[in-house]
Amino acid sequence: KLIKSFLRIPSHNKKVDLLSIIEEKLSNIELSTEQISNITTLSVSTENPEKGIEFLTTVHNVADNLLRKSSIDRTNQYINFLNKQLSFTTKQDQRLSLISTLAEQQRNKMIASSDMAFAAELYGDPYHSVSPTKPRIRNIILYSLMLGFLLGLAFSISKYFLRSIKVNVD
């Protein structure tokens with residue numbers, strides 16, 4: 001440790017694993033949904049806007065593919081169940097009902113198997129702001145001006161009282 005500190009190499013016992021890094025990145029994502037249009041927006045604050053866009057696009061695609069795979073697996077299970085039921089059922093009206101349900105499940109599987117967006121569709125290209133969003137320069141300038149004014153006012157008042165006390169003492 002002495003050599004590392006002399007060479008200014010960081011020394012820590014913290015283990016870094018991929019899962020903790022992913023959880024940290026995912027915790028930075030903000031979701032907001034407009035009440036009128038029901039459009040959900042993903043946003044993230046990052047130091048590198050291009051990497052942020054790439055990250056959000058990847059998160060969207062991974063989530064969409066996971067939901068697609070889950071839907072296909074569930075639909076395949078329904079189709080297998082319906083096919084088994086069809087082989088055992090002899091009543092005509094039950095068979096017709098099972099066949100129509102099977103056709104609907106086949107349609108759902110076809111929709112989930114397409115290359116189009118499954119759970120959520122992008123309504124435009126991802127974008128980033130042209131100027132930094134944090135810290136807000138306008139707010140910093142306003143706070144600094146207010147603080148400077150108040151400190152100057154406090155200094156002037158204290159100087160006035162100190163002079164008046166000094167005059168009264170003399």
Side-chain angles (χ1 to χ4, degrees), residues 1-81 101-159:
K1 284 190 173 188
L2 182 63
I3 295 172
K4 283 187 174 183
S5 65
F6 178 73
L7 296 175
R8 298 186 183 262
I9 297 174
S11 171
H12 55 80
N13 296 330
K14 181 180 177 186
K15 292 183 179 179
V16 179
D17 61 339
L18 185 59
L19 187 60
S20 65
I21 293 172
I22 291 172
E23 286 175 352
E24 178 185 339
K25 294 291 184 189
L26 289 177
S27 68
N28 292 335
I29 296 177
E30 297 175 14
L31 292 169
S32 60
T33 303
E34 289 185 26
Q35 296 298 326
I36 298 171
S37 64
N38 283 332
I39 293 177
T40 301
T41 304
L42 296 174
S43 61
V44 66
S45 295
T46 181
E47 295 171 359
N48 188 339
E50 285 76 24
K51 290 282 186 186
I53 288 174
E54 182 181 336
F55 175 66
L56 285 179
T57 304
T58 302
V59 166
H60 168 75
N61 291 336
V62 166
D64 196 55
N65 288 335
L66 283 174
L67 291 172
R68 178 190 318 271
K69 184 182 179 310
S70 173
S71 176
I72 289 173
D73 290 345
R74 187 179 326 108
T75 304
N76 282 333
Q77 290 174 356
Y78 291 157
I79 288 171
N80 290 337
F81 174 77
T101 306
L102 183 62
E104 182 180 326
Q105 292 303 317
Q106 291 286 359
R107 186 179 140 277
N108 290 343
K109 183 178 177 182
M110 180 183 65
I111 290 171
S113 297
S114 72
D115 290 337
M116 296 176 58
F118 178 70
E121 186 173 339
L122 293 174
Y123 281 109
D125 291 333
Y127 62 91
H128 63 85
S129 61
V130 290
S131 61
T133 57
K134 291 180 183 175
R136 295 191 181 252
I137 300 298
R138 184 193 68 198
N139 292 351
I140 291 174
I141 290 173
L142 286 175
Y143 292 143
S144 299
L145 286 173
M146 286 175 36
L147 183 65
F149 174 75
L150 292 175
L151 286 175
L153 184 64
F155 181 74
S156 297
I157 290 173
S158 64
K159 188 175 178 181

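Between M116 and R68, the shortest heavy-atom contact is O-NH2, 2.8 Å. Taking both residues in full, the closest heavy atoms of Q105 and T75 are given as O-CG2, 3.1 Å, listed atom of the first, atom of the second, then distance. Across all non-hydrogen atoms, the minimal contact from S113 to I72 is OG-CD1, 3.8 Å.
Using a 4.5 Å heavy-atom threshold, the side chains of V59 and L26 count as touching. Two residues are said to be in side-chain contact when any heavy atoms from C-beta on lie closer than 4.5 Å; H60 and L56 fail this criterion. The shortest side-chain heavy-atom distance between Y78 and T101 does not fall under the 4.5 Å cut-off.
Here L145 contributes atom CG and I140 contributes atom CD1; the two are 12.0 Å apart, rounded to the nearest 0.5 Å. Atom CD1 of I79 sits about 5.0 Å away from atom NZ of K109, to the nearest 0.5 Å. Distance CD/E50 to CZ/F55: 15.5 Å, rounded to 0.5 Å. Here the CZ atom belonging to R107 is positioned 13.5 Å from the CG atom belonging to L102, to the nearest 0.5 angstrom. Rounding to the nearest 0.5 angstrom, the gap separating the CD1 atom in I29 from the OG atom in S45 is 11.0 Å.
Checked options L42, T41, T40; the residue passing with S32 is T41 (criterion: side chain to side chain contact (heavy atoms under 4.5 Å, CB included)).
Not one N or O on the side chain of S70 forms a donor-acceptor pair closer than 3.5 Å with the backbone of L66. Although no hydrogens or angles enter the test, the distance criterion places no donor-acceptor pair under 3.5 Å between the side chain of S71 and the main chain of L67.
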